[in-house]
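The first residue of the sequence shown is numbered 1, and numbering continues consecutively from there.
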Amino acid sequence: MIKAFLKILDYKLLIILLLAFIASPLLCGQNTYTICLIYSHYLTVYLNNIFLLFVYQEAYHISQLTYPLIIRIGFHRFYLLTYFFIISLGLIYNFIIYIGYYCFFGSILSSELWITICFMITNLMICCFECSVVYLQLGKKKNFMYLAIPILINFIFHFTWIKYI
């Protein structure tokens, strides 16, 4: 099953996501960890949307394998493994962002620790929810709404978080 998931990876989008992540220090400037993670629009506008497009493409490719895999491993197990795969993509992405930003921008200032940790946990939950919305595309025709809704959620979360902090 894992080999089937690895074969359908969209390497072009993965490379674009990696290059955008590596460009983070250049585009965010010499700011602190918290400013680049929470207040910078780069993470929301570029990185998260590229990631959501990547997950959207993965869900589409997985849906093309739906019937052969359901026959092989069963209906319930297929949808459960696919859901865990998509959610784990979101978790891995966020942990890479958090660890990478720590390497790029240094440690979190003690005065900003509480707000940064709260943002990280909330962002992790929002990312899992967005991945769940993209997961709903599985077994259906490709529909842009399964990508547009998570992107809209991403923007609403980001701008409401900035407004209230």
Treat each ILVMFWY residue as a node, draw an edge where side-chain heavy atoms are under 4.5 Å apart, and state whether [X] and [Y] are in one component.
X	Y	result
Met145	Leu53	yes
Leu47	Ile96	yes
Leu109	Tyr101	no
Phe105	Trp114	no
Ile121	Ile115	yes

Answer whether the closest heavy-atom distance between the side chains of [X] and [Y] falls below 4.5 Å.
X	Y	answer
Glu58	Ile86	no
Tyr83	Ser132	yes
Cys131	Phe51	yes
Leu138	Tyr60	no
Tyr146	Val134	no
Leu89	Tyr93	no

task = Take Phe78 and Ile62, measure what side chain to side chain contact (heavy atoms under 4.5 Å, CB included) needs, and give me the verdict at the end.
result = CA-CA 10 Å; Phe78 169 75; Ile62 291 170; 3.9 Å; yes
Counting N and O atoms only, with roles assigned by atom type, does the side chain of [X] sit under 3.5 Å from a partner on the main chain of [Y], one being a donor and the other an acceptor?
X	Y	answer
Tyr98	Met120	yes
Asn94	Gly90	yes
Glu130	Asn154	yes

To the nearest 0.5 angstrom, please state how far the [atom1] atom of [X] sits from the [atom2] atom of [Y].
X	Y	atom1	atom2	result
Met125	Cys127	CE	SG	12.0 Å
His76	Leu81	NE2	CG	9.5 Å
Leu17	Leu52	CG	CG	10.0 Å
Asn49	Leu147	CG	CG	8.0 Å
Asn123	Ile97	CG	CD1	9.0 Å
Ile149	Leu136	CD1	CG	9.0 Å

task = Check the surroundings of atom OH in Tyr46: do more than 12 heavy atoms from other residues, nucleotides or ligands lie under 6.0 Å from it?
result =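 No, not enclosed.
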message = So for atom OH, which belongs to Tyr79, do other residues, nucleotides or ligands contribute more than 12 heavy atoms lying within a distance under 6.0 Å?
response = yes
key: Ring geometry between Phe119 and Phe157 (parallel below 30°, tilted from 30 to 60°, perpendicular above 60°)   = parallel
ask   = In this structure, which one of Ile16, Ile22, Leu14, Ile15 forms a side-chain contact (heavy atoms from CB on, under 4.5 Å) with Leu18?
value = Ile22
